[in-house]
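Ligands are counted one by one from 1 in listed order, and the atoms in each one are counted from 1 as well. These values consider heavy atoms only, across backbone and side chains, with no hydrogens, waters or symmetry-generated copies.
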Amino acid sequence: MLDAFSRSVVTADASTSPVSDIASLKAFVASGNRRLDAVNAIASNASCMVSDAVAGMICENQGLIQAGGNCYPNRRMAACLRDAEIVLRYVTYALLAGDASVLDDRCLNGLKETYAALGVPATSTVRAVQIMKAQAAAHIKDQPSEALAGSKLRIMGSPVVDDRCASIVAEASSYFDRVISALS
Ligand code: PEB
Ligand code: PEB
């Protein structure tokens with residue numbers, strides 16, 4: 001498992017050169033509090049996000065909860081909610097570390113094959129991950145909408161800077177995209 005610092009060391013060592021990307025590490029340090037707020041925005045809302053994403057996936061494809069669907073019976077529904085939470089948790093780890101290796105090695109490695117063997121449908125899984133990607137962007141920007149959250153709306157109130165944290169939103173989105181491409 002690597003983070004932004006160990007990644008830079010490993011990369012430099014592989015080419016027997018001194019560490020060279022000091023500027024990007026400096027930016028990583030400078031944006032540290034923003035990164036922590038972003039991770040907190042997701043982690044603090046994780047259970048709401050997961051249940052909403054899985055509910056949304058099922059709303060759009062109700063066959064999932066009928067006999068023969070992969071979220072039927074309750075045992076599979078529970079496994080699905082658990083899996084969505086696992087994926088979201090590993091995305092927050094990657095976001096905290098500033099590196100995708102923890103997500104790749106401990107979550108995505110072999111997941112596509114596991115799902116194929118279990119008959120878990122990839123398109124539905126991808127849809128749930130896409131909804132979580134949209135949720136994470138909204139929560140990092142601290143702009144979740146009333147329309148989609150209703151009484152569960154949660155505004156963190158942490159300071160939001162330049163372009164509503166566009167670079168952290170983009171980085172978080174890239175980890176969700178990594179999950180989607182690993183499953184597709
Ligand atoms: C991966 N998921 C399931 C299993 C495993 C994983 C190993 C089999 C064992 C079990 O049931 O517990 N576990 C999971 C993971 C890690 C891990 C990501 C990473 C560290 O250790 N079904 C759907 C949806 C989707 C879903 C599309 C989004 O219709 C998930 C949720 N995963 C799902 C289901 C099962 C499962 C297992 C329904 C149970 C399948 C079955 O037993 O028939
Ligand atoms: C599922 N939720 C969101 C999206 C969808 C759903 C389809 C849009 C995803 C996208 O843009 O691709 N929609 C929902 C659902 C059905 C449906 C269950 C069933 C009929 O059609 N906001 C908060 C809470 C947390 C939350 C803490 C409620 O303040 C969730 C749990 N859902 C949330 C957020 C978004 C979202 C999308 C933050 C992002 C979009 C937004 O807020 O505007």
Give the atoms of ligand 2, by number and element, whose distance to some non-hydrogen atom of C59 is under 4.0 Å.
-> 16 (C), 19 (C), 20 (C)

Hey, which atoms in ligand 2 end up nearer than 4.0 Å to a heavy atom of C48?
-> 24 (C), 25 (C), 27 (C), 28 (C), 31 (C)

Please step through side chain to side chain donor-acceptor pair (under 3.5 Å) for the pair D104 and S101, ending with a clear verdict.
-> CA-CA 5 Å; D104 289 345; S101 68; over 6 Å; no

Could you name the protein residues that come within less than 4.0 Å of ligand 1, counting only heavy atoms, and order them by chain and residue number?
-> M57, L64, N70, C71, R75, R76, A79, C80, R82, D83, I86, R106, L111, T114, Y115, L118, V120, P121, S124, T125

Mind checking side chain to side chain contact (heavy atoms under 4.5 Å, CB included) for S151 and listing every partner two or more places apart, or none if nothing turns up?
-> none

Summary of ring pair (Phe, Tyr, Trp, His ring centres under 6.0 Å) pairs that have at least one residue in residues 60-115, sequence neighbours excluded | Y90-Y93

What atoms of ligand 2 come closer than 4.0 angstrom to any heavy atom of A55?
-> 18 (C)

Would you call I180 and T125 a side-chain contact if the rule is heavy atoms closer than 4.5 Å?
-> no

Can you tell me if R178 uses its side chain to pair, donor with acceptor, with the backbone of L108 under 3.5 Å?
-> no

Tabulate below the donor-acceptor pairs under 3.5 Å that side-chain atoms of residues 20-27 make, not counting sequence neighbours, or state none.
unit_1: D21; atom_1: OD1; unit_2: S8; atom_2: OG; d: 3.2
unit_1: S24; atom_1: OG; unit_2: D21; atom_2: O; d: 3.0

Are V54 and M77 close enough, and set up right, to give a side chain to side chain contact (heavy atoms under 4.5 Å, CB included), and what steps lead you there?
-> CA-CA 9 Å; V54 170; M77 180 70 194; 3.7 Å; yes

For A149, the ligand 2 atoms with a heavy-atom partner under 4.0 Å come out as 22 (N), 23 (C), 29 (O)

